[in-house]
Each structure stands twice: as C-alpha cells, then as structure tokens.
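Below is one structure, written out as structure tokens; the observations come after it.
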Amino acid sequence: MRRYSVFAVAREALRFHAGWGRAWTAPEPKRKYDVIVVGAGGHGLATAYYLGRNFGIRNVAVLEKGWLGGGNTGRNTTIIRSNYLQDPSAAIYEKARSLFETLSQELNYNVMFSPRGLLMLAQTEHEARGYKRTVHANALQGVQTDYIDAARVKALVPIINIEGPRYPVLGALYQPRGGTARHDAVAWGYARACSDMGMDIIQNCEVTAVRSAGGKVQGVDTSRGTIDCDKLAIVVAGNSSVLAEMAGFRLPIESLALQALVSEPIKPAIDVVVMANTVHGYMSQSDKGELVIGGGTDGFNNYTQRGSWHHVEETVRALVETFPIISRLKMMRSWGGIVDMTGDRSPILSATPLGNCFVNCGWGTGGFKSIPGSGWAMAELIAKGAPGPLAAEFGLNRFREGRFIDESVAAGVAH
Ligand SMILES: Cc1cc2nc3c(=O)[nH]c(=O)nc-3n(C[C@H](O)[C@H](O)[C@H](O)COP(=O)(O)OP(=O)(O)OC[C@H]3O[C@@H](n4cnc5c(N)ncnc54)[C@H](O)[C@@H]3O)c2cc1C
C-alpha cells in the first residue's frame with residue numbers, strides 16, 4: 001500500500017495524481033477462508049482489522065450485501081463519548097475512545113477525530129442527580145468527566161438558551177475528550193488497512209444461508225456463490241435477527257429505524273457536541289457548516305432506512321426551545337438507519353449456539369463510537385474462542401441469567 005503523506009501528495013500533484021492505487025481491491029471470493037465476517041460496516045471491518053493486527057489471522061473475507069459503510073456506519077451522527085454508568089460499558093467505550101485518539105496515524109487515513117468536547121444537558125433535577133452520580137462512577141472507571149453548572153454551559157455554548165420555559169438548563173455532564181469523527185472515513189480507513197493485509201472485502205455479496213454440519217459452521221451461501229470458512233462472525237446490526245435465523249438461533253434484538261437530519265450550512269456557531277436527553281435531541285456542527293441533528297427511534301419495529309416527517313417535527317420542536325436559532329434554519333435532508341436494540345440497551349459480543357459462529361450486535365443507537373473497541377474485543381473472541389476482559393460481560397447468556405447491563409436506565413439515551 002502506498003503510504004499517504006505530504007510527500008506523496010506533493011509527488012502526485014506533479015503528475016496529475018495518476019499514480020494513486022485503489023484504496024482497497026475488489027477481489028472474487030475464494031473457495032475458503034479462515035474467518036468470514038458478514039457485514040462491512042465499521043464493526044465488521046474493525047473486527048477483521050484487529051484479527052490481522054493483533055492475532056496475525058489474515059485469511060479473512062468481509063462480505064457485504066451493499067457497499068461498505070452503507071449501513072448505519074454511514075448514516076449516524078458520529079458522536080463519540082465514553083461517559084457510561086455501568087463498568088463494562090465504560091470499559092469498552094473508553095477503550096474505543098482512546099483508540100480513536102491515534103486511529104488516523106495507525107491507519108494512515110484521516111478519520112477526522114475531533115475531540116471537541118461533549119455535553120449532556122441536565123434539564124431536570126432528576127437528570128442533574130443522575131449525571132453527578134455518573135461523574136463519580138466515571139472517576140472510578142478512569143473516564144474523565146465533570147459536572148458543570150449552567151453558567152459554564154453558556155460559556156461553552158453561547159447559542160444556548162439556559163432559561164427555557166419548560167426545561168431550563170441546570171448544568172451538564174461534560175466529557176472534554178468526547179466529540180466526533182468522520183463516519184465514512186472510519187469505514188474506509190479500516191477497509192484500506194484490511195485490504196493491505198491481504199484480506200478480501202467483497203461488496204455486493206449478500207449472505208443468503210449459513211451452512212453447518214455436526215453443530216458447527218461450515219460456510220455461507222451468498223449471491224456470489226458458496227464460500228467455506230472455519231469461523232463465522234455475524235456483524236450486521238439491524239439485520240442480526242435475519243442472519244441468526246439463517247444460523248438456527250434467535251437473538252433478543254428488535255430492529256427499529258433511527259433518524260437524523262441536517263440543516264443548511266451556516267457559519268461556525270457551535271464547537272461542542274450537545275445532547276439534550278430530556279427533550280430528546282442532540283446537535284453538533286459539521287465541518288461543512290451543517291447542524292447535524294439526531295432524533296429518536298420509530299415506535300414500531302421495521303426495516304425501512306428512511307426518515308419520517310413527524311420525527312423531523314418532534315426533534316426540531318424539542319431543540320428549538322434550547323437553541324432558538326434553529327427556528328430560522330431550513331432543514332436540508334433527513335434519513336434513517338436500522339438499529340439493533342437489546343432490552344438492556346447494551347451490545348452482544350458472544351459465541352452462539354452454533355459452533356464457531358460468533359455474533360456482534362445490539363449496539364443500537366450508539367455503536368459508532370465503539371467501533372475500534374468492539375473490533376478489538378470481537379477479534380479476541382474469534383481468535384481465542386473465548387471472550388477477553390472487554391467482551392466478557394456482553395455474552396448472550398446474560399439474558400438467560402438475568403445479568404443485564406442496564407444502560408437505558410443509566411443514560412436514558414444512548415447515542
Ligand atoms: C440516524 C442514526 C444516528 C446515529 N448516531 C450515532 C451517534 O451519534 N453515535 C454513535 O456512537 N452511534 C450512532 N448511531 C449508531 C451507529 O450508527 C451504529 O451502532 C453502528 O454504525 C453500527 O455499525 P455496524 O458496523 O454494526 O452496522 P452497519 O454499519 O449497519 O453495518 C452492517 C452491514 O451489514 C450488511 N449486511 C446486512 N445483512 C447482510 C447480509 N445478509 N449479507 C451481507 N451483508 C449484510 C449491511 O448492508 C451493512 O452494511 C446512529 C445510528 C443511526 C441510524
């Protein structure tokens with residue numbers, strides 16, 4: 001792989017950029033791989049990358065039914081934080097956040113990680129108490145957060161109205177090293193690094209059946225033929241239940257559409273990420289100047305990757321009270337992605353009832369931020385056949401044993 005560097009850019013500028021190679025290849029599927037990863041979203045690609053990087057397993061294929069990064073990875077609002085309440089969550093999200101700090105250098109690909117600071121507004125006494133508790137928990141977990149008062153919130157976010165009529169801002173849970181990254185670049189950076197290690201990323205290749213014998217996985221049938229494997233990783237977010245059914249087991253997952261929208265571009269107005277969980281809206285400003293606004297999930301299970309008008313209305317109405325300038329902005333476009341929700345709003349990284357078949361799903365509305373940590377933990381699970389410390393609590397057996405990691409109670413919102 002040609003390294004990207006200032007010298008390479010200068011050299012190519014002199015020859016009309018004719019010398020760049022493809023960032024990743026487009027190979028035909030082989031007969032057999034050591035590991036097949038289904039799903040070329042961020043989690044699938046990161047899983048493949050850390051299999052190669054940490055365990056030297058490089059005979060790997062990542063199969064994608066559409067184009068890589070075209071699922072939720074390319075549809076999210078890119079918030080990165082690790083201020084979770086429960087210990088297992090804080091551990092895996094903080095691992096991911098810390099990997100984001102140097103991911104551009106590691107992948108030699110600019111993922112535009114921007115640790116601009118993240119605020120979760122406290123707009124009720126109950127929320128304020130909850131966030132103070134989270135700050136104490138985070139201190140014990142090694143996650144740096146603070147509880148800041150309303151005046152500090154106003155200083156950090158001048159466009160905010162802290163005296164809203166219904167929900168005045170009382171303070172905020174502040175994570176100074178939280179922020180955003182460019183979602184496509186995260187997928188593209190991992191894909192390029194995987195391809196460089198000799199792995200095959202095969203797009204337009206839908207898995208249509210999982211083949212097994214004697215209780216162990218043997219391979220998959222795809223729209224591009226049958227492919228064998230020793231180990232199979234199912235990493236398909238909102239389609240997880242569909243793949244699980246092919247593999248002969250059920251998952252405690254519901255698939256729902258989650259929506260987001262962007263405004264017309266404006267001059268720099270807000271240089272932190274703000275989440276208003278009581279009214280349920282969150283916002284940051286992209287490098288292009290658009291306000292990136294996230295809303296809620298549909299109230300019913302579905303597989304549509306679309307936005308809907310009532311969500312746009314509800315989300316904007318909720319945010320206008322806290323950010324009055326929004327009322328003057330035109331909204332440019334909205335979209336949706338299919339998120340995979342568990343009952344305790346925590347992910348599943350687990351072996352499954354089918355031998356040598358592993359599943360990584362349940363990241364729901366908040367899995368972009370965890371991509372590096374999830375890939376790291378999933379690669380360890382696949383390589384060793386047993387979870388390491390990061391994945392240990394996220395097994396499927398927790399639903400049978402009642403050991404829930406309840407982040408829905410802890411955070412109320414999970415983006
Ligand atoms: C609107 C919205 C806003 C969000 N905001 C945030 C946020 O601010 N911060 C955050 O941390 N998270 C956020 N999320 C959640 C985050 O996007 C997801 O948790 C994360 O991207 C999931 O990544 P993934 O790789 O597991 O799934 P995906 O990116 O969805 O990848 C799964 C891939 O599997 C493929 N696939 C499915 N079935 C098959 C098959 N049969 N054969 C082959 N391939 C198949 C799909 O085509 C897809 O490309 C948001 C999500 C949405 C929708």
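As the structure lists them, so they are numbered: ligands from 1, and atoms in each ligand from 1.
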| Over 12 foreign heavy atoms within 6.0 Å of CZ, Arg224 |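 Enclosed.
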| query | Within a radius of less than 6.0 Å around NZ of Lys30, do more than 12 heavy atoms belonging to other residues, nucleotides or ligands occur? | reply |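 Yes, NZ of Lys30 has more than 12 neighbouring heavy atoms, counting only those of other groups under 6.0 Å.
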| message | Would Arg31 and Tyr33 count as a cation-pi pair here, with the cationic atom under 6.0 angstrom from the ring centre and within 45° of the axis? | response |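 Here Arg31 fails the 6.0 Å and 45° test against Tyr33.
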| task | Tell me whether the guanidinium CZ or amine NZ of Arg306 lies under 6.0 angstrom from the six-membered ring centre of Trp335 and within 45° of its axis. | result |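 Not flagged: Arg306 not positioned over aromatic ring of Trp335.
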At a 4.0 Å threshold, what atoms of ligand 1 neighbour a non-hydrogen atom of [X]?
| X | answer |
| --- | --- |
| Val235 | 32 (C) |
| Gly39 | 33 (C), 34 (O), 35 (C) |
| Ala260 | 1 (C) |
| Trp363 | 19 (O) |
| Leu63 | 43 (C), 44 (N) |
| Cys205 | 43 (C) |
| His43 | 22 (C), 23 (O), 24 (P), 25 (O), 26 (O) |
| Ala237 | 26 (O), 27 (O), 30 (O) |

| request: Pick one of side chain, backbone, both or neither for how Ile80 approaches ligand 1, counting any non-hydrogen atom pair under 4.0 Å. | output: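 For Ile80, no heavy atom sits under 4.0 Å from ligand 1.
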| How would you list, by chain and number, every residue that makes a side chain to side chain contact (heavy atoms under 4.5 Å, CB included) with Arg177, sequence neighbours excluded? |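 Only Arg97, Glu101, Pro115 meet the side chain to side chain contact (heavy atoms under 4.5 Å, CB included) criterion with Arg177.
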| field | Which residues share a side chain to side chain contact (heavy atoms under 4.5 Å, CB included) with Thr278, sequence neighbours left out | value |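 Result, side chain to side chain contact (heavy atoms under 4.5 Å, CB included) vs Thr278: Gln123, Thr124, Glu127, Tyr167.
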Any heavy atom of [X] sitting closer than 4.0 Å to ligand 1?
| X | answer |
| --- | --- |
| Ala187 | no |
| Gly42 | yes |
| Gly364 | yes |

Selected option - heavy-atom contact closest to [atom], from [options]:
| atom | options | result |
| --- | --- | --- |
| atom 2 (C) of ligand 1 | Leu258, Asn239, Asn72 | Leu258 |
| atom 31 (O) of ligand 1 | Pro347, Gly41, Ser370, Ala96 | Gly41 |
| atom 49 (O) of ligand 1 | Glu64, Gln305, Met246, Lys369 | Glu64 |

| request: Please lay out, stage by stage, how Tyr93 and Trp363 fare under the test ring pair (Phe, Tyr, Trp, His ring centres under 6.0 Å). | output: CA-CA 11 Å; Tyr93 285 103; Trp363 294 98; 5.8 Å; yes
| task | Working to the nearest 0.5 Å, report the span between CG of Asp200 and OG of Ser195. | result |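 Between Asp200 CG and Ser195 OG, I get 8.0 Å after rounding to 0.5 Å.
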| request: Could you tell me whether Lys231 and Asp34 have a side-chain N and a carboxylate O separated by less than 4.0 Å? | output: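 Here Lys231 does not pair with Asp34 in a salt bridge, since their nearest N and O are not under 4.0 Å apart.
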| Do NZ/NE/NH1/NH2 and the carboxylate oxygens of Asp230 and Lys32 come within less than 4.0 Å? |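 Yes, this pair counts.
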| Backbone or side-chain N or O of Ala40 under 3.5 Å from ligand 1 N or O |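 No: no nitrogen or oxygen of Ala40 is under 3.5 Å from one in ligand 1.
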